[in-house]
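Structure first, commentary second.
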Amino acid sequence: MPELPEVETIVRGLNQAIIGRKIKSIDILVDKLFIGNKNSVINSKIIEVKRLGKTILIYFENNYLLHIHLKMTGQLIFVNKNQQFKIKNLKLKIPPTIKIVGGGHPDKKYDQPLPHKYTHIIIKFTDESTLFYNDLRKFGWMKILDSRIKNLESRFGIDALSEKLNSNYLSSKLSKRNITTKQALLDQSIISGIGNIYSDEILFCARILPDKKVGKLKPSEINNIVNFIPIVLNKSIDLGGTSRSDYLKIDGSRGNYLKYAYVYGRENEKCRVCNTKIKRIKIGQRSSHFCTNCQK
DNA sequence: CAGACTGTTTCGCA
DNA sequence: CTGCGAAACAGTCT
């Protein structure tokens with residue numbers, strides 16, 4: 001799925017696109033991807049879109065909300081009435097001049113008129129604009145929640161860009177854990193929002209090997225992690241996020257972070273700092289990239 | 001052709 | 001509670 005910077009980009013796009021709109025209908029083509037009663041949000045005005053970790057929260061005036069997780073391959077595409085008409089009449093590619101809002105995991109397979117084979121949920125607004133939910137692997141979901149229930153945020157770890165994420169918090173969460181630093185960064189109940197790409201990037205900046213056990217981290221190293229998390233994530237948000245394949249920004253252009261990645265996806269290439277060959281190993285079933293010279 | 005791998009998380013089990 | 005491996009699924013890569 002998109003990680004925090006990509007989800008943040010999508011949320012900003014949705015804030016531009018769907019605030020004030022009302023949903024006329026929701027077509028659920030794959031039942032298991034939609035949890036709850038869709039009628040709760042029909043005809044209520046959308047007042048806010050927020051990000052929680054890697055998930056999206058769409059708040060409605062009637063106190064219900066739509067909670068969305070894109071997981072690996074989920075995608076939200078917003079299409080205006082006229083744009084929808086144009087796209088439906090195109091046989092092949094969506095040209096970059098047609099503005100789409102959203103994104104998540106564009107791919108050649110997705111690059112065709114909507115709805116298509118991987119469209120599983122279609123949200124139609126009263127003004128005839130449409131939000132399509134596409135998901136190749138069907139891991140993602142949408143859930144109806146009552147926003148008056150308070151325990152929502154507590155079920156997640158502290159958001160990676162939260163002010164509350166400091167060294168004391170992280171130390172307390174890591175104490176007595178026998179896991180690697182990489183696994184700790186990926187654990188959404190400790191910090192929410194970091195995925196495989198940015199965990200490698202953050203650890204490179206903090207100069208810590210990904211397989212170092214958290215019990216061996218010095219206080220200064222925990223500080224480094226805490227300091228570099230927002231630096232790396234904000235840099236990626238500024239670059240429009242990234243993707244192994246071809247993540248799209250809201251105007252249809254690509255996110256640029258991967259071009260600047262220090263280690264992710266750069267196995268056998270030279271470290272940008274010291275020219276040592278970047279290594280890749282598996283940690284907890286996830287591939288991890290690092291520089292053996294820069295990281296200790 | 002088979003098997004491994006992919007941006008994730010959750011579940012069951014030891 | 002902790003940590004590990006598998007599962008949810010579909011496509012690409014080796």
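A quick note: this is a predicted structure, and the numbers were derived from the prediction, not measured. Naming convention: chains lettered A, B, ... in sequence-line order (proteins, then strands); numbering from 1 in each chain.
- Within the 4.0 Å cut-off from OP1 or OP2 of B/dG7, at least one side-chain nitrogen or oxygen of A/Tyr264 is found.
- The separation between A/Tyr257 atom OH and B/dG7 atom P is 15 Å, rounded to whole Å.
- Nearest to the side chain of A/Gln188, among B/dT9, C/dG3, C/dA8, sits B/dT9.
- At the phosphate of C/dC9, neither OP1 nor OP2 sits under 4.0 Å from any side-chain N or O atom of A/Lys117.
- Taking atom P on both nucleotides, C/dT14 is separated from B/dG7 by 14 Å, rounded to a whole Å.
- In this model, the phosphate group of B/dG7 is not approached by any side-chain N or O of A/Thr73 to a distance below 4.0 Å at OP1 or OP2.
- For A/Leu136, taking side-chain heavy atoms from C-beta onward, the closest of the listed nucleotides C/dA6, C/dG11, B/dT6 is C/dG11.
- Rounded to a whole Å, the CG atom of A/Leu33 is 10 Å from the P atom of C/dC9.
- Note on A/Asp159 versus A/Arg51: salt bridge recorded, some NZ/NE/NH1/NH2 to OD/OE distance being below 4.0 Å.
- Residues A/Ser236 and A/Tyr198 bring a donor and an acceptor atom of their side chains to less than 3.5 Å of each other.
- OP1 or OP2 of C/dC4 lies within a sub-4.0 Å distance of a side-chain N or O belonging to A/Gln183.
- With a 3.5 Å ceiling on both atom-pair distances, B/dG7 lacks any Watson-Crick or G-U wobble partner.
- Side-chain atoms of A/Met72 lie closest to B/dT6 of the nucleotides C/dA8, B/dT6, B/dT9.
- Considering only side-chain N and O atoms, A/Lys176 lies nowhere under 4.0 angstrom from the phosphate OP1 or OP2 of C/dC1.
- Annotation: B/dA4 and C/dG5 have their P atoms spaced 15 Å apart (nearest Å).
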> How far apart are the C-alpha atoms of A/Lys24 and A/Glu128, what are their side-chain angles, what is the distance that settles it, and do they pass the salt bridge (Lys or Arg N to Asp or Glu O under 4.0 Å) test?
Replying inline: CA-CA 8 Å; A/Lys24 185 171 77 180; A/Glu128 302 297 320; 2.8 Å; yes
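- When atom types are taken as modelled, the side chain of A/Ser171 and the backbone of A/Ser167 share a donor-acceptor pair closer than 3.5 angstrom.
- At the heavy-atom level, A/Gln285 lies under 4.0 Å from base atoms of the strands shown.
- Atom CD1 of A/Ile56 and atom C1' of B/dT8 are 14 Å apart (whole Å).
- One P atom belongs to C/dC9, the other to B/dC11, and the distance between them is 15 Å to the nearest Å.
- Rounded to a whole Å, the CG atom of A/Leu29 is 17 Å from the P atom of C/dC9.
- The gap from the C1' atom of C/dC1 to that of B/dT8 amounts to 23 Å, rounded to the nearest Å.
- In this structure, A/Glu3 places its CD atom 13 Å from C1' of B/dT9, rounding to the nearest Å.
- A side chain to side chain donor-acceptor pair (under 3.5 Å) with A/Asn196 is found for exactly one of A/His289, A/Glu201, A/Lys182, A/Glu3, namely A/Lys182.
- At B/dT9, one or more side-chain N or O atoms of A/His69 fall inside 4.0 Å of OP1 or OP2 (strictly under the cut-off).
- At whole-Å resolution of the value, CG in A/Asn134 and C1' in C/dC9 are 15 Å apart.
- Once rounded to the nearest 0.5 Å, the distance linking CD1 of A/Ile144 with CD1 of A/Ile26 reads 5.5 Å.
- Here the P atom of nucleotide B/dC11 and the CG atom of A/Asp187 are 14 Å apart, to the nearest Å.
- Atoms CG (A/Leu70) and C1' (C/dC9) sit 16 Å apart, rounded to a whole Å.
- For the pair A/Arg137 and A/Asn178, both in contact range of DNA chain C, the more 5′-proximal nearest nucleotide belongs to A/Asn178.
- Across all strands shown, C/dC9 forms no Watson-Crick or G-U wobble pair with both distances under 3.5 Å.
- For A/Lys54 and B/dG7, the shortest distance from a side-chain N or O to OP1 or OP2 is not below 4.0 Å.
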